[in-house]
Visitor: 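Here it is, the structure in full.
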Protein chains: 2
Amino acid sequence: MKLYGYWRSSATYRVRIALALKGLDYDYAPVNLLEGEQTSKAYLARNPHGLVPALETDDGAVLTQSLAIMEYLEEAFPAPPILPDDPVACANARAVAATLACEAQPFMNRRVQLFLKTDGGFDDEAMKAWLNRFPGGAMAAVEKMIAKTAGDYCIGDTPTMADCCLVPQMYGAMRFGIDVSGLKRMNEIYERCQTHPAFAKARPEIQPDAAGGS
Amino acid sequence: MKLYGYWRSSATYRVRIALALKGLDYDYAPVNLLEGEQTSKAYLARNPHGLVPALETDDGAVLTQSLAIMEYLEEAFPAPPILPDDPVACANARAVAATLACEAQPFMNRRVQLFLKTDGGFDDEAMKAWLNRFPGGAMAAVEKMIAKTAGDYCIGDTPTMADCCLVPQMYGAMRFGIDVSGLKRMNEIYERCQTHPAFAKARPEIQPDAAGGS
C-alpha cells in the first residue's frame, strides 16, 4: 500500500496511527501542502478534492477520507481490531471519531484558517475565539462523551478509531493555541498514547517529510 | 427506537433516510433548535455536545453523530444494506459520506453561520464566498468522485450511506443559496431520490415539527 500524506496533516496522522496499530507496512508518498502539491494534476487525478491523505491499495484502488480509509483497513485487516466488538461501544468509538473529524478538525484546517484571515479579515483575537468556540467546543464535548466510556483509552482499555482521531486533534489544537488544559481525560489518554509504540511510530516529527515551520 | 432531531437538520435528515431505507419504525422526539432545546439540561444529558440527532435504542443506549448512527443501523439491521459489499465500493460510499459530513455540512451549519455573521462580521457577500468556497468546493469534489462510481445513485444502482448524505446536503445548499447548477450528476441523483419512497418519507417538510421560517 502507498499512503499519500503530509507530516502535519491531522487526517494523515489518523491513518498512520491506524496502519501502525494493525502492524501494516506501507510506502509513504509525501504531498507538500505548503508548496501546493495537493492541487497538482497528478495528485488531483488520485483525489479530486485535493486533500490528504489518500491510500493506494495493492490492487491500485485509491481511497480517500481518513474515516473511510480506517473503516476499510478494519475490514480488510481485522486483527487487531480498532473498533470494539460490542455494538454500542463500537457506535461510541465512531461517535468520538466523527465528532473530532466533523465538528473539530474542519474548523482548524489550514486552508480554512487562511480564508478567515485573508478573505474574512479575522485578526488574532477573532481567530482565537473561532478556534476555542468550534474545535474547542467539540473537544470539550468529547471530554464529556468519554467520561462514561474511557479506560486507558477513549473506549475501554484498547486503542480504537476514537484514539486515532484524538491524538492528532490534541496535537493540532496545542499547535494552534487552543486551550486544552481543562480536558483532563483527553490529556491523560494523549500522554498514554505517546508511550504506545504504534502511536509513537505515527508521530509527525519523525516522518520523512517533517520539517521546521508550519 | 426514538430519534431526537430537528426537521431541517441535515444530520437528522440523513438518519431519517437510513431508517426509512431499512424500513425501521421509530418514535420521533423533536428538539427545537430555534428555541435552544438542544442546550436544555434534559437534552445535554443525552448528548453532551448539544447537537442533533441522537438515537435512543430499544435497550436505552443513546447514540450520537449521524455517521456513527448509520453504521450502527447497518450492523444491527443489515437488510437491506446501505453499504456495498465490495470493499472498494464500500470505501467509496463512505468517502462520499465523509466528504459531505466533514468538509461540506460543518461550514454551513446554522451555529457556524451565526458566529460568522455576528462575531465574525461577515456581510452577505463574505458569507456567499464562504459557502461557495467550502461547502460548495466539497460538493464539487463529490461530483468528480462519483463520476467513476455513480449509476442511478452515488455508488452503483442502489442507495447507500453516500445518498443518505447527498440529499440533505443538496437540500441545505439550495436553501442557503449555494450554486449547485453545475453539479449535473448530483442533481440527477437528488431528483431521482425525491421519487424513492424512503427518501420521500424522510423529507423535512413532512416531519411533525416542520414549520415555516428557518
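Reminder, nothing fancy here: chain letters follow the sequence lines and each chain counts from 1. Note that the structure is a prediction, hence the values are computed from the model and not measured.
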Visitor: Between Ala126(A), Ala93(A), Ala138(A), who has the most heavy-atom pairs with chain B when the cutoff is under 4.5 Å?
Guide: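 So the answer, after comparing Ala126(A), Ala93(A), Ala138(A), is Ala138(A).
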
Visitor: Could you have a look at Gly120(B), Ala91(B), Ala95(B), Pro87(B) and say which one has the most heavy-atom pairs with chain A under 4.5 angstrom?
Guide: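 Heavy-atom pairs under 4.5 Å are most numerous for Ala95(B).
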
Visitor: Checking Ala140(B) against chain A: side chain, backbone, both or neither under 4.5 Å from a heavy atom?
Guide: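 Contact with chain A is absent: no heavy atom of Ala140(B) under 4.5 Å.
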
Visitor: What option among Cys90(A), Ala68(A), Gly50(A) has the most heavy-atom pairs under 4.5 Å with chain B?
Guide: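 Answer, by heavy-atom pair count under 4.5 Å with chain B: Ala68(A).
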
Visitor: When only pairs under 4.5 Å are counted, which of Gly121(A), Ala101(A), Ala147(A) shares the most heavy-atom pairs with chain B?
Guide: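 Of the options given, most contacts go to Ala101(A).
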
Visitor: What part of Leu51(A) lies closer than 4.5 angstrom to a heavy atom of chain B: side chain, backbone, both or neither?
Guide: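 Side chain only.
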
Visitor: Which region of Ile69(B), side chain (C-beta onward) or backbone (N, CA, C, O), has a non-hydrogen atom less than 4.5 Å from a non-hydrogen atom of chain A, or is it both or neither?
Guide: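 For Ile69(B), no heavy atom lies under 4.5 Å from chain A.
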
Visitor: Using a 4.5 angstrom heavy-atom cutoff, name the option from Ala141(B), Cys102(B), Ala129(B) with the most pairs to chain A.
Guide: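 Heavy-atom pairs under 4.5 Å are most numerous for Cys102(B).
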
Visitor: Considering only heavy atoms, which portion of Ala76(A) lies under 4.5 Å from any heavy atom of chain B: side chain, backbone, both, or neither?
Guide: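 Contact with chain B is absent: no heavy atom of Ala76(A) under 4.5 Å.
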
Visitor: Is there any N or O donor on one of chain B and chain A with an acceptor on the other under 3.5 Å, and could you list each such pair with its distance?
Guide:
| residue | atom | partner | partner atom | Å |
| --- | --- | --- | --- | --- |
| Gln65(B) | NE2 | Thr99(A) | OG1 | 3.3 |
| Gln65(B) | NE2 | Glu103(A) | OE2 | 3.2 |
| Glu75(B) | OE2 | Arg94(A) | NH1 | 3.1 |
| Glu75(B) | OE2 | Arg94(A) | NH2 | 3.2 |
| Arg94(B) | NH1 | Glu75(A) | OE2 | 3.1 |
| Arg94(B) | NH2 | Glu75(A) | OE2 | 3.2 |
| Thr99(B) | OG1 | Gln65(A) | NE2 | 3.3 |
| Glu103(B) | OE1 | Arg111(A) | NH2 | 3.2 |
| Glu103(B) | OE2 | Gln65(A) | NE2 | 3.2 |
| Arg111(B) | NH2 | Glu103(A) | OE1 | 3.2 |

Visitor: Describe, in one word, how the ring planes of Phe134(B) and Phe115(A) are oriented to each other, choosing from parallel (under 30°), tilted (30 to 60°) and perpendicular (over 60°).
Guide: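 Perpendicular: the ring planes of Phe134(B) and Phe115(A) meet at over 60°.
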
Visitor: Select one option (side chain, backbone, both, neither) describing which atoms of Val112(A) are under 4.5 Å from chain B's heavy atoms.
Guide: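 For Val112(A), the contact with chain B is made by backbone and side chain together.
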
